Amino acid sequence: QVQLVESGGGLVQAGGSLRLSCAASGLTFRLYAMGWFRQAPGKAREFVAAISRSGSRTDYVDSIKGRFTISRDNAENSVYLEMNSLKPEDTAIYYCAANYVAGVDRTLTTQNYDYWGQGTQVTVSS
């Protein structure tokens, strides 16, 4: 079955960096657009970043532009989120998600993804 497993979360001070990874299995990874979402305590899950199946297209929520970078390695069946200049408001559970797109090289910024991981906690202290 399809599995998405996030890793790399943790506790970091404001201004610090973390790199999240998401390892995918049970699917043909290169046919899927990938995304990162997050959910802070008491808030709805929100879109963070997305990348097309080839990696040539990316999208970001405005609040993290210039600080976070999404990337993928189709040979390793993995997607990454490099997070720099972290702020306390970035504290959340971060989820990766996969969306089957077959022949279309596009990103998806809504939550209509086919598969979701269990999430990894990111805590940024002030």
Side-chain angles (χ1 to χ4, degrees):
Q1 78 268 22
V2 175
Q3 280 195 311
L4 301 176
V5 180
E6 303 94 337
S7 61
L11 173 64
V12 64
Q13 288 189 328
S17 299
L18 284 173
R19 187 187 194 225
L20 304 184
S21 299
C22 172
S25 61
L27 52 73
T28 305
F29 187 71
R30 60 182 172 80
L31 299 182
Y32 285 76
M34 300 298 294
W36 285 98
F37 291 76
R38 67 186 179 185
Q39 187 166 20
K43 295 188 177 182
R45 187 169 60 190
E46 66 169 351
F47 166 76
V48 175
I51 189 166
S52 65
R53 64 188 191 111
S54 73
S56 64
R57 299 172 187 244
T58 58
D59 271 309
Y60 299 93
V61 68
D62 287 346
S63 61
I64 59 92
K65 283 182 180 177
R67 299 189 297 122
F68 292 11
T69 302
I70 188 171
S71 62
R72 67 188 292 161
D73 184 338
N74 285 351
E76 295 293 327
N77 288 357
S78 293
V79 62
Y80 309 98
L81 187 67
E82 185 76 35
M83 305 187 296
N84 299 313
S85 301
L86 282 161
K87 304 175 181 180
E89 52 263 43
D90 294 318
T91 295
I93 299 174
Y94 283 71
Y95 300 90
C96 76
N99 175 246
Y100 180 70
V101 291
V104 181
D105 196 35
R106 63 167 173 81
T107 58
L108 179 64
T109 60
T110 67
Q111 302 209 20
N112 296 326
Y113 278 75
D114 301 305
Y115 302 103
W116 293 83
Q118 293 299 306
T120 185
Q121 176 71 48
V122 171
T123 304
V124 184
S125 63
S126 57

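Computed over heavy atoms, backbone and side chain alike; hydrogens, waters and symmetry mates excluded. Since the structure is predicted, the reported quantities are computational estimates derived from the model, not experimental observations.
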Listing request: all disulfide bond (SG atoms under 2.5 Å apart) pairs with a residue in residues 63-126, at least two apart in sequence or in separate chains.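 Qualifying pairs, neighbours excluded: Cys22-Cys96.
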Keeping the roles fixed (side chain from [X], backbone from [Y]), state whether a donor-acceptor pair exists under 3.5 Å.
{"X": "Asp114", "Y": "Tyr100", "value": "yes"}
{"X": "Thr91", "Y": "Thr123", "value": "no"}
{"X": "Arg67", "Y": "Ser63", "value": "yes"}
{"X": "Gln111", "Y": "Arg45", "value": "yes"}
{"X": "Glu6", "Y": "Gln118", "value": "yes"}

cation_pi(Arg72, Phe29) dist<6.0 Å, angle<=45: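 Here Arg72 passes the 6.0 Å and 45° test against Phe29.
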Candidate pair Arg19 and Leu81, rule side-chain contact (heavy atoms from CB on, under 4.5 Å), full reasoning: CA-CA 6 Å; Arg19 187 187 194 225; Leu81 187 67; over 6 Å; no
Among side-chain atoms of [X] and [Y], is any donor-acceptor pair under 3.5 angstrom?
{"X": "Asp59", "Y": "Thr109", "result": "no"}
{"X": "Asp73", "Y": "Ser78", "result": "no"}
{"X": "Ser25", "Y": "Asn77", "result": "no"}

Kindly indicate, with the supporting measurements, whether the criterion side-chain contact (heavy atoms from CB on, under 4.5 Å) is fulfilled by Leu18 and Leu86. CA-CA 8 Å; Leu18 284 173; Leu86 282 161; 4.2 Å; yes
Report the C-alpha distance between Phe68 and Asn84 in whole Å, list the side-chain angles of each, state the deciding distance to 0.1 Å, and finish with yes or no for side-chain contact (heavy atoms from CB on, under 4.5 Å). CA-CA 6 Å; Phe68 292 11; Asn84 299 313; over 6 Å; no
Compare all side-chain heavy atoms of Ile93 with those of Thr120 and state whether any distance is below 4.5 angstrom.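 Ile93 does not reach Thr120 side chain to side chain.
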Less than 4.5 Å apart, any side-chain heavy atom of Val101 and any of Leu31?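 Answer no - side chains too far apart.
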Set out, in order, the CA-CA distance, both residues' side-chain angles and the distance that settles side-chain contact (heavy atoms from CB on, under 4.5 Å) for Asn99 and Asn112, then state yes or no. CA-CA 8 Å; Asn99 175 246; Asn112 296 326; 5.7 Å; no
Quick one: pull up OG in Ser54 and CZ in Arg106 and give me the separation to the nearest 0.5 Å.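 With rounding to 0.5 Å, OG (Ser54) is 12.5 Å from CZ (Arg106).
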Nearest 0.5 Å please: distance from the OG1 atom of Thr107 over to the CZ atom of Arg57.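 Interatomic distance, Thr107 OG1 to Arg57 CZ, rounded to 0.5 Å: 8.0 Å.
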What are the two closest non-hydrogen atoms of [X] and [Y], and how far apart are they?
{"X": "Met83", "Y": "Val122", "value": "CE-CG2, 3.9 Å"}
{"X": "Asn74", "Y": "Arg53", "value": "ND2-O, 3.0 Å"}
{"X": "Leu4", "Y": "Ala98", "value": "CD1-N, 3.8 Å"}
{"X": "Tyr95", "Y": "Gly117", "value": "CD2-O, 3.5 Å"}
{"X": "Tyr60", "Y": "Ile70", "value": "OH-N, 2.9 Å"}
{"X": "Asp105", "Y": "Ser56", "value": "OD2-OG, 2.8 Å"}

Could you tabulate the donor-acceptor pairs under 3.5 Å formed by side-chain atoms of residues 32-42, not counting sequence neighbours?
| unit_1 | atom_1 | unit_2 | atom_2 | d |
| --- | --- | --- | --- | --- |
| Trp36 | NE1 | Tyr80 | O | 3.4 |
| Arg38 | NE | Glu46 | OE2 | 2.6 |
| Arg38 | NH1 | Asp90 | OD1 | 2.9 |
| Arg38 | NH1 | Tyr94 | OH | 2.9 |
| Arg38 | NH2 | Glu46 | OE2 | 3.2 |
| Gln39 | NE2 | Lys43 | O | 3.1 |

Consider only side-chain heavy atoms of I, L, V, M, F, W and Y, link residues closer than 4.5 Å, and tell whether Tyr113 and Val2 are in one cluster.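 In one cluster with Tyr113: Val2, yes.
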